[in-house]
Amino acid sequence: MSWRTVVISSSAKLDYQMGFVVVRSDTTTKIHIGEIGVLLIESTSVSITAALLSELTKKKVKVVFCDEKRNPSSELIPYYGSHDTSTKIKKQMEWENETKTAVWTRIVAAKIEKQAEHLAYWNMKEADMLYQYIGEIQPGDITNREGHAAKVYFNALMGMEFTRTAENSINAALNYGYGIILSLFNREIAINGYITQIGLFHDNMFNPFNLGSDLMEPFRPIVDYAVKCMNPQKFEREEKVHMLKALQMEIEIAGRKEYVNNAVKIYTRSIFDALNEKDVSLIKFYRNEL
């Protein structure tokens with residue numbers, strides 16, 4: 001089972017050898033590909049062979065590349081993540097609007113619920129307002145309870161002066177965590193044979209990950225919790241390592257404890273079951289005991 005998040009943060013050469021990723025820098029380290037769930041290339045001074053990239057793709061390892069500021073900027077996505085990709089894409093194009101609306105409504109409700117639980121953990125009275133919003137959600141969230149909840153949530157969690165557009169360490173940490181979570185969802189979408197561009201709600205022509213952006217929404221509060229606990233005054237290598245460790249926490253889903261990486265797999269597959277079977281009761285959301 002793939003469970004390791006491997007971060008390459010300094011100059012190195014990566015190649016493939018007999019089932020192992022070989023990392024050559026001052027020393028040589030070998031890591032079995034079967035253990036790796038995510039490979040994060042954090043430095044632009046890393047070189048990687050085409051043979052290794054090919055094997056990582058075959059083994060469905062999510063590879064995330066960072067820019068010169070060490071922020072996630074791109075990822076490796078296979079053309080064919082499943083043997084029946086063509087059939088899956090045809091199904092995806094035939095998902096009924098009514099079903100997509102129902103699934104998106106449940107996703108929004110779950111996101112707001114997780115935000116409310118997070119505020120309740122910090123004993124913030126605004127949690128009650130978010131619980132009220134859940135009962136007010138209409139099909140497709142046409143009254144934008146999600147947007148209203150987000151404003152209340154972040155003002156309570158980070159302070160009234162906080163905005164998501166400001167350039168500061170908190171937003172840098174949030175964006176970094178969201179980027180990693182999104183890459184996990186993109187990986188699962190591809191593995192299951194679907195394409196990331198066609199979403200349920202998100203429909204931005206410039207966003208190649210519309211579906212991943214939809215599915216990840218209830219998992220955002222996991223990142224928020226890690227950032228709130230860390231309260232970063234800067235966001236450098238130590239803080240990034242802390243974020244990666246936080247995203248490996250255990251949460252409950254489908255009646256058992258799972259690491260976030262595996263919970264993403266279970267939840268994503270349940271979403272596809274719900275869409276294909278036209279039954280939102282099939283969706284398996286996680287529970288998180290903060």
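Note that these values count all heavy atoms, side chains included, but never hydrogens, waters or copies made by symmetry.
Other residues, nucleotides and ligands contribute over 12 non-hydrogen atoms within 6.0 Å of the CZ atom of Arg164. Atom CG of Asp26 sits in a sparse spot, with 12 or fewer heavy atoms from other residues, nucleotides or ligands closer than 6.0 Å. No more than 12 heavy atoms of other residues, nucleotides or ligands lie within 6.0 Å of OH in Tyr259, so this atom counts as exposed by the packing criterion. No more than 12 heavy atoms of other residues, nucleotides or ligands lie within 6.0 Å of CD in Glu238, so this atom counts as exposed by the packing criterion. Counting heavy atoms of neighbouring residues, nucleotides and ligands inside a 6.0 Å radius, atom NZ of Lys234 exceeds 12 of them. Counted within 6.0 Å of NZ on Lys284, heavy atoms from surrounding residues, nucleotides or ligands total 12 or fewer; the atom is thus considered open.
Lys245 is not listed as a side-chain neighbour of Thr5, based on a closest heavy-atom distance of 4.5 Å or more. In this structure, Leu200 and Leu211 have side chains that are in contact, with non-hydrogen atoms separated by less than 4.5 Å.
A salt bridge does not link Asp141 to Arg145: none of the charged nitrogens lies less than 4.0 Å from a carboxylate oxygen. Between Arg4 and Glu35 there is a salt bridge, since a side-chain N of the basic residue sits under 4.0 Å from a carboxylate O of the acidic one.
Scanning for ring-ring contact (aromatic ring centres under 6.0 Å, His included) contacts around Phe154 gives Phe162, with sequence neighbours left out.
In this structure, Ile77 is a member of the same hydrophobic cluster as Phe272, with clusters built from ILVMFWY side-chain heavy atoms closer than 4.5 Å.
In this structure, Lys114 forms a cation-pi arrangement with Tyr286, its terminal cationic atom sitting closer than 6.0 Å to the ring centre and no more than 45° off the ring axis.
Under the side chain to side chain contact (heavy atoms under 4.5 Å, CB included) rule, Val103 has a single partner from Asp279, Ile283, Val108, which is Ile283.
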Next on the checklist: Determine whether Asn207 and Ser213 satisfy the following criterion, side-chain hydrogen bond (donor to acceptor under 3.5 Å, both in side chains), listing intermediate values before the conclusion.
Outcome noted: CA-CA 9 Å; Asn207 181 7; Ser213 299; 3.3 Å; yes

